[in-house]
Protein chains: 2
Amino acid sequence: MPIPSAAHAPSAIELADEPDALALERQVCFALTVASRGVVQAYRPVLEPLGLSHPQYLVMLALWGSSPLSLTELSRSLRADPATLSPLVKRLEAAGLVTRGRRAADERTLDIALTADGAALRERALAVPGTMAERLGLDLAQLEQLHVLMTTLIGAVDRAQEAQHREPGEHPGE
Amino acid sequence: MPIPSAAHAPSAIELADEPDALALERQVCFALTVASRGVVQAYRPVLEPLGLSHPQYLVMLALWGSSPLSLTELSRSLRADPATLSPLVKRLEAAGLVTRGRRAADERTLDIALTADGAALRERALAVPGTMAERLGLDLAQLEQLHVLMTTLIGAVDRAQEAQHREPGEHPGE
DNA sequence: GGCATATGCTTAGTGTACGAACCATCCGCC
DNA sequence: GGCGGATGGTTCGTACACTAAGCATATGCC
């Protein structure tokens with residue numbers, strides 16, 4: 001998934017006669033993972049006073065939006081694996097921010113709900129988005145463009161995954 | 001780091017008083033991490049025949065660009081932690097794709113070089129970018145826009161981190 | 001009722017990520 | 001020639017992320 005070596009002049013390595021499709025700095029997937037790790041990293045000092053990691057922050061965001069959520073509902077909202085969330089939520093429980101209990105109507109379902117502390121933490125979290133926007137120094141247009149593009153990308157991934165599931169073998173279309 | 005709810009958002013970045021500034025689906029950091037995970041996920045079936053994980057693929061890309069690289073050089077190219085790369089490179093060595101050896105001129109330095117198998121793998125990897133672009137169905141304009149935005153974001157993260165390091169305390173700037 | 005299947009969650013195993021502590025080698029410099 | 005700090009890697013502990021397997025409850029269908 002490299003970008004085309006279009007008009008702009010690339011930086012370091014290439015300069016070769018033929019455009020190298022495998023040049024590291026042209027891989028969009030590379031830039032994407034580096035940016036993602038970097039942004040999560042930038043959240044760290046801001047979330048640390050709240051006692052939250054970035055994935056934990058996302059779980060709290062979901063719960064602040066709607067408090068009793070089953071693990072599966074949480075998993076769908078966050079697009080995360082239940083196997084990942086299960087221990088993560090346990091750590092939030094150990095931190096006193098959420099409770100975990102079986103739903104009476106269906107004993108398989110695990111209801112995850114905010115504690116008073118967890119709900120109260122929202123007040124302190126209100127400052128996080130502004131702080132991050134200020135730290136990263138991105139203007140609203142860039143943020144919006146970023147959000148649109150990420151949403152597009154997520155849609156593309158979804159479609160690719162669907163196609164993958166529809167054709168595990170390689171029989172021709174139709 | 002939420003996006004504004006409308007085009008005529010408040011002039012300042014001050015979104016904290018918006019009731020749903022913490023709405024999950026407005027968090028750019030959420031979209032970013034989901035997109036990143038999703039794209040890496042989409043690479044999985046394509047890289048699996050090559051026997052590579054996505055981070056391993058990035059290491060191979062770097063080595064295909066320049067073969068003997070020290071761990072530190074690799075770390076800088078990939079913007080990854082040496083502590084992360086160290087075991088990762090060992091797994092590549094176990095797979096027979098690279099060799100690890102101390103540099104004669106400086107016994108501290110670990111030279112990581114392609115084996116014949118590792119170099120040969122590049123031929124098969126040449127198809128990866130095209131396959132991925134096709135799978136995700138993104139046009140060149142989107143890819144380029146994505147790359148530009150990710151690069152901008154990485155730059156923003158770098159500046160934020162620098163500022164963080166320059167002011168570990170909280171004395172006002174200047 | 002009772003069994004096969006589906007659903008919801010958990011656990012185990014592997015592979016990143018990252019901070020922190022550790023060790024070895026190198027370098028400047030007296 | 002030897003000491004102190006800097007540099008390059010490794011290891012450890014914790015936390016995700018994901019696949020696969022396991023377990024319990026629920027549901028459909030006879």
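For the numbers below, each heavy atom of this structure counts, side chains included, while hydrogens, waters and symmetry mates do not. Order of the sequence lines fixes the chain letters, A, B, ..., with proteins taken first and strands second; residue numbering starts at 1 for each chain.
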When all nucleic acid strands are considered with a 4.0 Å heavy-atom cut-off, which category describes [X]: base, sugar-phosphate, or nothing?
| X | result |
| --- | --- |
| Arg79(B) | nothing |
| Arg100(A) | sugar-phosphate |
| Ser53(B) | sugar-phosphate |

Among the clusters formed by ILVMFWY side chains lying less than 4.5 Å apart, do [X] and [Y] turn up in the same one?
| X | Y | answer |
| --- | --- | --- |
| Trp64(B) | Val46(B) | yes |
| Val40(B) | Leu153(A) | no |
| Leu140(B) | Leu149(A) | yes |

Any [X] side-chain nitrogen or oxygen under 4.0 Å from OP1 or OP2 of [N]:
| X | N | answer |
| --- | --- | --- |
| Arg102(A) | dA24(D) | no |
| Arg44(A) | dC18(C) | no |
| Ser86(B) | dG9(D) | no |
| Arg37(B) | dC16(D) | no |
| Thr72(A) | dT7(C) | no |
| Gln41(B) | dC18(D) | yes |

Just the rounded figure in Å: distance from [atom2] of [N] to [atom1] of [X].
| X | N | atom1 | atom2 | answer |
| --- | --- | --- | --- | --- |
| Arg108(A) | dC23(D) | CZ | C1' | 12 Å |
| Leu88(A) | dT10(C) | CG | P | 12 Å |
| Arg76(B) | dG9(D) | CZ | P | 9 Å |
| Glu48(B) | dG15(C) | CD | P | 13 Å |
| Tyr43(A) | dC16(D) | OH | P | 16 Å |
| Glu107(A) | dC23(D) | CD | C1' | 15 Å |
| His54(A) | dA15(D) | NE2 | P | 17 Å |
| Leu74(B) | dT7(D) | CG | P | 20 Å |

Once the angle between the rings of Tyr43(B) and Tyr57(B) is folded into 0 to 90°, is it parallel (under 30°), tilted (30 to 60°) or perpendicular (over 60°)?
tilted
The side chain of [X] lies closest to which of these nucleotides: [options]?
| X | options | result |
| --- | --- | --- |
| Thr84(B) | dC9(C), dA17(D), dT16(C) | dT16(C) |
| Ser70(B) | dA6(C), dG9(D), dA17(C) | dG9(D) |
| Lys90(B) | dT11(D), dC18(D), dT16(C) | dT11(D) |
| Ala83(A) | dC9(C), dC16(D), dT11(C) | dT11(C) |
| Asp106(A) | dC16(D), dA26(D), dT16(C) | dA26(D) |
| Leu110(A) | dC9(C), dT16(C), dA17(D) | dC9(C) |
| Asp81(B) | dG19(C), dT19(D), dT25(C) | dG19(C) |

Are side-chain heavy atoms of Leu50(B) and Val128(B) found at a separation under 4.5 Å?
yes
Start at the 5' end of DNA chain D and walk down; is the nucleotide closest to Pro55(A) or to Arg103(A) reached first?
Pro55(A)
Presence of salt bridge, Asp158(A) and Arg79(A), under 4.0 angstrom:
yes
